[in-house]
Each structure stands twice: as structure tokens, then as C-alpha cells.
Amino acid sequence: MAFLMKSMLSNQVKNLGLGGGGEESKEESTPSDPAAAAGMTREEYEEYQKQMVEEKMERDAAFAHKKAERACLRVHLREKYRLPKSELDENQIQMAGDDVGLPEDLQKMVAEDQVEEEDKDSILGQLQNIQNMDMDAIKEKAQATFTEMKQAAEQKCSMM
């Protein structure tokens with residue numbers, strides 16, 4: 001408790017400018033050279049800085065490449081589903097260079113999707129879909145449509 005009171009009062013006295021707390025006025029001498037602060041020689045520090053810059057450039061290049069791959073995937077999906085193109089994606093692909101394509105995992109997934117869609121579009125795929133249809137629901141819908149058409153025709157035609 002006494003420590004708390006002493007620290008609070010000494011801080012207030014410092015703010016007033018009356019001095020007080022002379023023991024805290026000691027400042028540690030910090031070296032102005034960053035190499036000395038890191039505990040290295042000047043050459044080691046410069047080499048370390050070069051390595052840091054090279055690693056950052058590599059990370060940035062890898063990140064840009066990943067962004068371009070994602071943009072390529074979005075472009076592919078936009079083409080597939082006939083959606084409007086995005087200039088942002090095209091710019092990202094151009095910035096990364098011409099060597100950007102879909103990653104192998106995504107290429108496999110796209111190929112599998114295309115095979116499945118081709119199977120669904122084929123005659124055999126349509127025959128399989130017929131087996132899964134609810135014939136009662138289709139009959140009811142057809143009868144309702146026929147009834148509606150008949151009523152519309154009776155209203156328009158005076159002979160019926």
C-alpha cells in the first residue's frame with residue numbers, strides 16, 4: 001500500500017515540476033547505432049537487412065502469384081456461368097505475368113465438374129433423371145395446366 005501511495009504521489013510531484021523522485025531520473029544510455037543495439041557488427045547487420053529485404057520480396061511475389069491464381073479461378077468461373085468480367089481480376093493476372101494458371105488441385109476439381117456436367121447433359125444422364133422424377137406431381141401439374149387452359153378457352157370462346 002505504501003508503495004502504491006509513493007508511486008502515485010511521486011508521479012504527481014513530477015508533473016508539477018518540483019523535482020521529487022530523483023532516483024527515477026537516471027536514463028540508460030542507448031546506442032545510436034542499430035547494429036550495436038541488436039548485438040551485431042555493422043557488416044552482420046547489413047547482411048541481415050539484405051536477407052530481410054530479399055525474404056520480403058519473395059513473400060510479396062508468392063502472395064501476388066496466389067492472388068493471380070485466385071483471379072484466374074474467378075475468371076474461369078465467370079466464363080463458365082456467363083457472368084460479367086472483372087477488370088480487377090484481369091489486372092491481377094497481368095501483374096503476376098503470363099505463367100499464372102489454375103492450381104493443380106483446382107484443375108482436377110474443374111475437370112471432375114465438367115465430366116459430371118457432361119454426364120448430366122447426355123441422354124443416359126437424362127434417363128437417370130427420369131427415374132428420380134415424381135410422376136404423380138407431374139401428372140397433377142399437367143392436369144392443373146390443362147384445366148386452366150380449358151377455362152381460359154371457355155371464357156374467350158362463346159361457342160363452348
Side-chain angles (χ1 to χ4, degrees), residues 1-138 140-141:
M1 184 74 167
F3 173 74
L4 182 63
M5 292 298 288
K6 182 179 177 183
S7 66
M8 286 176 43
L9 288 176
S10 66
N11 288 339
Q12 294 299 327
V13 172
K14 276 185 185 179
N15 291 340
L16 291 174
L18 298 176
E23 61 192 341
E24 295 179 11
S25 65
K26 297 178 185 176
E27 295 182 9
E28 294 181 22
S29 60
T30 57
S32 61
D33 188 21
M40 296 184 237
T41 64
R42 187 75 176 154
E43 293 81 25
E44 290 174 339
Y45 186 73
E46 288 175 2
E47 184 66 29
Y48 174 73
Q49 288 297 324
K50 286 179 186 177
Q51 288 176 351
M52 295 298 286
V53 169
E54 289 174 2
E55 288 176 6
K56 184 180 183 320
M57 290 173 58
E58 289 174 8
R59 284 193 309 269
D60 290 345
F63 180 69
H65 188 75
K66 285 289 187 184
K67 282 177 67 174
E69 285 179 346
R70 292 183 197 117
C72 187
L73 176 65
R74 287 191 296 269
V75 166
H76 175 76
L77 290 174
R78 283 191 178 99
E79 289 174 0
K80 179 179 178 181
Y81 295 110
R82 297 181 186 105
L83 297 174
K85 294 181 179 181
S86 171
E87 291 183 23
L88 179 65
D89 289 340
E90 292 174 4
N91 291 340
Q92 286 179 347
I93 292 171
Q94 288 176 356
M95 286 174 54
D98 293 335
D99 62 339
V100 178
L102 289 177
E104 291 179 18
D105 299 339
L106 295 176
Q107 286 177 351
K108 290 177 185 177
M109 290 172 56
V110 168
E112 290 173 2
D113 287 345
Q114 287 177 347
V115 169
E116 288 177 10
E117 287 180 11
E118 289 173 1
D119 289 344
K120 288 180 183 177
D121 291 340
S122 69
I123 294 173
L124 294 176
Q126 295 298 328
L127 289 175
Q128 289 176 350
N129 286 339
I130 290 174
Q131 293 174 353
N132 297 334
M133 288 184 180
D134 185 14
M135 294 306 285
D136 293 332
I138 294 173
E140 290 174 9
K141 188 172 182 180

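In this structure, CG on Asp89 lies 13.5 Å from NE2 on His76, to the nearest 0.5 angstrom. The NE2 atom of His65 sits 13.5 Å away from the NZ atom of Lys67 when rounded to the nearest 0.5 Å. Between the CD atom in Glu69 and the CG atom in Asp105 there is a gap of 10.0 Å [rounded to 0.5 Å]. Atoms CD and CE, on Glu46 and Met40 in that order, are 11.5 Å from each other to the nearest 0.5 Å. Going from atom CD of Gln49 over to atom CD of Glu47 covers 10.5 Å, rounded to the nearest 0.5 Å. Separation of atoms CZ (Arg78) and OG (Ser86) is listed at 4.5 Å; rounding is to 0.5 Å.
For the residue pair Glu44/Tyr48, the side-chain donor-acceptor check at 3.5 Å is not satisfied.
When the shell of 6.0 Å around CD of Gln51 is examined, it contains more than 12 heavy atoms from other residues, nucleotides or ligands. For NZ of Lys80, the number of neighbouring non-hydrogen atoms (other residues, nucleotides, ligands) closer than 6.0 Å is greater than 12.
Residues Met57 and Glu54 have side chains not in contact (no heavy-atom distance under 4.5 Å, counting atoms from C-beta outward).
When all heavy atoms of Ala68 and Ile93 are compared, the pair lying nearest together is O-CG1, 3.8 Å.
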